[in-house]
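All remarks here apply to the structure that follows.
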Amino acid sequence: MRAAYPILLSKGKEYIIVHVPDFDINTQGKDEVDAMEMARDAIGLIGVDMEDENEMLPRPSALGDVRKENESDILTLVDVDFGEYRRKNDMRTVKKNCTIPSWLNFEAEKAGVNFSAILQTALKQELHITDAV
């Protein structure tokens with residue numbers, strides 16, 4: 001799922017403080033560009049965690065529904081592609097058991113086939129996922 005969430009940037013003493021109202025989270029960055037990237041990362045991280053827990057992601061609020069606390073705050077949007085975020089950042093491995101005929105296992109082991117690599121390649125092909133993320 002891809003979405004654009006509103007964020008509020010506020011100038012702190014040393015950093016730009018970011019509030020993401022739809023997730024009720026805060027982060028910070030050394031400048032506006034870094035702060036927006038940190039917001040995207042925080043949204044991606046909590047969103048992927050919510051998906052893992054089968055929780056619904058909040059719908060992005062309209063910009064007009066978000067109020068600045070200070071006149072100097074910057075209200076803007078940050079886009080997040082949760083599928084892309086997961087592919088780039090969730091590099092955990094999981095063990096899967098599968099069943100194949102004994103004769104095929106014998107031939108594959110004799111040929112030195114990497115079962116994990118073959119399965120990953122086949123799954124990516126089946127799901128139309130490219131490595132270019």
Are Y85 and M36 linked, directly or through intermediate hydrophobic residues, by side-chain heavy-atom contacts shorter than 4.5 Å (ILVMFWY only)? no
Of all heavy-atom pairs linking P58 and M50, the shortest is CD-CE, 3.9 Å
Heavy-atom count around M1 CE within 6.0 Å, excluding the residue itself: above 12? yes
Flag, side chain of D41 to backbone of E37, donor-acceptor distance under 3.5 Å: no
Euclidean distance, N26 CG relative to I7 CD1, rounded to 0.5 Å: 11.5 Å
Compare all side-chain heavy atoms of L77 with those of Y5 and state whether any distance is below 4.5 angstrom. no
Please list, chain by chain and in numerical order, all residues satisfying side chain to side chain donor-acceptor pair (under 3.5 Å) with N114, sequence neighbours excluded. none
Is the ring pair F82/F23 parallel, tilted or perpendicular, if the boundaries are 30 and 60 degrees? tilted
Would you call K95 and T93 a side-chain contact if the rule is heavy atoms closer than 4.5 Å? no
Does a side-chain N-to-carboxylate-O contact under 4.0 Å join E107 and K110? yes
Is the closest side-chain donor-acceptor distance between Y15 and D31 under 3.5 Å? no
Within the side chain of R2, is there an N or O that forms a donor-acceptor pair under 3.5 Å with the backbone of V80? no
Hey, does the side chain of D49 reach the backbone of L45 with a donor-acceptor pair shorter than 3.5 angstrom? no
Please enumerate all residues that pass side-chain contact (heavy atoms from CB on, under 4.5 Å) together with L75, with sequence neighbours excluded. P6, L8, L63, V66, K68
With a 4.0 Å cut-off on N to O distance, would you call R86 and D52 a salt bridge? yes
